[in-house]
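A quick write-up on the structure given underneath.
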There are 2 protein chains.
Amino acid sequence: MKIDERHLIQLAAVVKAGGVTEGAALLGLSQPAVSRTLSMLEGRLGEPLFVKGRRPLQPTPLGRALADHGQTMLAASRKASDTVEGFRVGRTGVVRIGGTPFFMDALIAGMIAEFQNSHPDVRIDQTYGYFSDLRAALKADQIDLAICPIDILDEGSDLEFQEILPGRNVVACGVTHPLLMKRRPQPADLLDFPWVAPPPGSPLLADLRSMLLSFGATEIKIRYSGGSLLSVINYMKTANALTIMPHTVVFSLRNEKAITALPINIAHPERALAILKRVDAARAPAADQFANHVRSSFEKLRHLIKRHEQSVVWGN
Amino acid sequence: MKIDERHLIQLAAVVKAGGVTEGAALLGLSQPAVSRTLSMLEGRLGEPLFVKGRRPLQPTPLGRALADHGQTMLAASRKASDTVEGFRVGRTGVVRIGGTPFFMDALIAGMIAEFQNSHPDVRIDQTYGYFSDLRAALKADQIDLAICPIDILDEGSDLEFQEILPGRNVVACGVTHPLLMKRRPQPADLLDFPWVAPPPGSPLLADLRSMLLSFGATEIKIRYSGGSLLSVINYMKTANALTIMPHTVVFSLRNEKAITALPINIAHPERALAILKRVDAARAPAADQFANHVRSSFEKLRHLIKRHEQSVVWGN
DNA sequence: CGCCAATATAACCGATTGTTATGAAAATCG
DNA sequence: CGATTTTCATAACAATCGGTTATATTGGCG
């Protein structure tokens, strides 16, 4: 026999409250409504749910058993209301983000942790990828946000993007690299050392190629590639290799004393770090709040870099 | 925001089934019905529950979260239906029984275990008491069944009773008792030994008194009283004491080789073991089935006793 | 015995739920 | 690429349900 879920919930409220009147109040209903519900239920079941002629109201064993089930429904219902409410204000939910590996590892992971200080009930699901993967994932609604460098001109699709950081690459090396001893290292010096290549498909790899070509290099000594950021860092700690990295990534790792930037200016890529999302995406307040957090974190980072550069003498 | 539980359940069905049509079928509803439900839900929430323009239907994160809650409701609902169905046929439920200690310990406990071989989902709640307690408990709907000796004439109340065993007491003693050596022990011999008294308030105690009085005893040596059946048995194992007990109780303990009955006939009490219940009690099929089980168990026991007595020579 | 509180009943109305019929959009397939 | 088929959305309508207020009954208690 199918029982109306609402009826079970009312029964649960009455049993828990110990009376029809109180139970009705608990649900914000009138007493007759609940009273009738109980009558109907008893009628349909053909079994009494309460011991007759007894006040305080005493449920029969069957009544008690059914009330238990109603109780779990009531709990589920309240939780559902909570999820909705939480979703509305971005307090709960899941944010699925994708991004390029270096930025995610060096910067975003920490920002996620920070974000969850104020949003402990928001879960973050992270994936890695480059622009084309991320765009596809966004369109397939597999992620809510993408964080990656994009060509500034690129536009016109059904993706909305907000620039959060202008592109700026540096040549990175281990903190004991011999080139750091030189007063004024020249671009040509770079060709004397082995290179670590950023992961295939990454914009950084294109930047690396074009930079080296602009320095007149015909051939590059690639000694290592394909590693994650942590691999690259550990590699560079012991090898006198060079690589190209986003400025902020190197900056954010400055306290590790593992890698640093060479004081050589290289061309800015025509590219900016941006947050992408579908323009027609379903509202996802938690994702919006997370995006805001990332933006403001980068804003702070930018100020920090500015102050840092005023106190430290960088290249030229 | 309050959400209609039914809507959540429909949502859950659709998400689980992977489509509106299949979800509707799962619930035995028409497709337009649940389609409209989903529209209403999205309208009220102001949030989409499914990613538009995509088939197979893909829920949004919010939709998935809400569907989870709906799923637990659906499960609870099914369980509730099961409870009702089980209750109807006596397959599930709680049976609250009360009875006199000796019968419960010696006979009923084993019958309960046996009963639950065929009714594993029926829980038995047992309490102890004598007739007046049990009657009160029945009237207060604290127990569903009482199993106790009652005076045969007693009637007329709002209790229904079914006799399951005529009253028959024996004098019990330890298996090493000296009186067992005697060819034909006489009632007068009984006065030479110390006695264990049944618990105060028990019918057995009254039987003991009247029996001893009928033997011309002016005073009885009570050495021990108040113990449960197990206490009495253990006491009698080592003391040459006597006590009075229902015949079936001693009989059911025959394999323990701890106590036995003296071959002395004593008066039958004007009393019978019966199952009592309220005539106006709520239907409790599980209790009914248990009562049937107890009755048939006693029936079997009676036959067993009869066969036993034909092979063993009892007193006189 | 009579009052008070709690529950049951009655009468009414609007919202909701179900139905069938049908249109629109998407996927499938030749 | 167009036809077909499947699936979802919409429309219109009937019936029931679930809510309300007003009122009668009932059980508990001084």
Side-chain angles (χ1 to χ4, degrees), chain A residues 1-45 47-60 63 67 70 73-74 77 139-141 280 282, chain B residues 1-45 48-60 63 67 70 73-74 77 139-141 158 280 282:
Chain A
M1 156 146 335
K2 171 94 176 61
I3 310 169
D4 192 318
E5 293 76 20
R6 203 174 310 189
H7 296 170
L8 282 185
I9 291 182
Q10 294 188 7
L11 171 65
V14 169
V15 169
K16 193 166 78 163
V20 178
T21 308
E22 300 93 314
L26 205 67
L27 299 173
L29 297 181
S30 68
Q31 169 266 321
V34 178
S35 180
R36 187 178 50 185
T37 295
L38 296 180
S39 297
M40 284 182 74
L41 249 185
E42 291 188 331
R44 293 186 189 175
L45 297 178
E47 312 284 349
L49 295 169
F50 291 92
V51 179
K52 293 302 159 196
R54 218 167 283 271
R55 223 143 53 193
L57 224 48
Q58 192 183 9
T60 62
M73 287 192 201
L74 185 57
S77 180
K139 287 190 177 175
D141 198 65
D280 60 342
Chain B
M1 156 146 334
K2 171 94 175 63
I3 310 171
D4 191 319
E5 292 76 21
R6 200 176 312 192
H7 296 170
L8 282 185
I9 291 181
Q10 294 190 8
L11 171 64
V14 169
V15 168
K16 194 167 77 160
V20 179
T21 307
E22 299 93 312
L26 205 67
L27 299 173
L29 296 180
S30 68
Q31 169 266 320
V34 324
S35 179
R36 185 177 52 190
T37 295
L38 296 180
S39 296
M40 285 183 74
L41 247 185
E42 290 189 333
R44 292 185 190 174
L45 296 178
L49 294 170
F50 291 92
V51 179
K52 292 304 161 196
R54 219 169 281 274
R55 226 144 48 196
L57 225 50
Q58 191 183 10
T60 62
M73 287 192 203
L74 185 57
S77 180
K139 288 193 177 173
D141 197 64
D158 48 357
D280 61 342

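Lettering of chains follows the sequences in order, A, B, ..., and the numbering in each one begins at 1.
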Which heavy atom of B:L29 sits nearest to which heavy atom of B:Q10, and what is that distance?
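Minimum heavy-atom contact is CD1-NE2, 3.5 Å.
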Look at the side chain of [X] and decide which nucleotide, out of [options], has an atom nearest to it.
| X | options | value |
| --- | --- | --- |
| B:A33 | C:dG18, C:dT7, D:dA22 | C:dG18 |
| B:P32 | D:dA9, C:dT7, C:dG18 | D:dA9 |
| A:T21 | C:dA6, D:dG19, C:dT20 | C:dA6 |
| A:S30 | D:dT20, D:dT10, D:dG18 | D:dT20 |
| A:L29 | D:dG19, D:dC8, C:dT7 | D:dG19 |
| B:R6 | C:dT17, C:dT7, D:dA22 | C:dT17 |
| A:V20 | C:dT19, D:dT10, C:dT7 | C:dT7 |

Does any N or O donor sit under 3.5 Å from an N or O acceptor when you compare the side chain of A:Q31 with the base of C:dA6?
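In this structure, the two groups form no donor-acceptor pair.
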Classify the side chain of B:R36 versus the base of C:dG18 as yes if they form a donor-acceptor pair under 3.5 Å and no if they do not.
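Under the 3.5 Å cut-off, the side chain and the base do form a donor-acceptor pair.
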Which residue lies toward the 5' end of DNA chain C, B:V34 or A:L38, if each is placed at its nearest nucleotide?
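Final value for this comparison: A:L38.
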OP1 or OP2 of D:dC17 versus the side-chain N and O atoms of A:H7: is any pair under 4.0 Å?
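No, outside the criterion.
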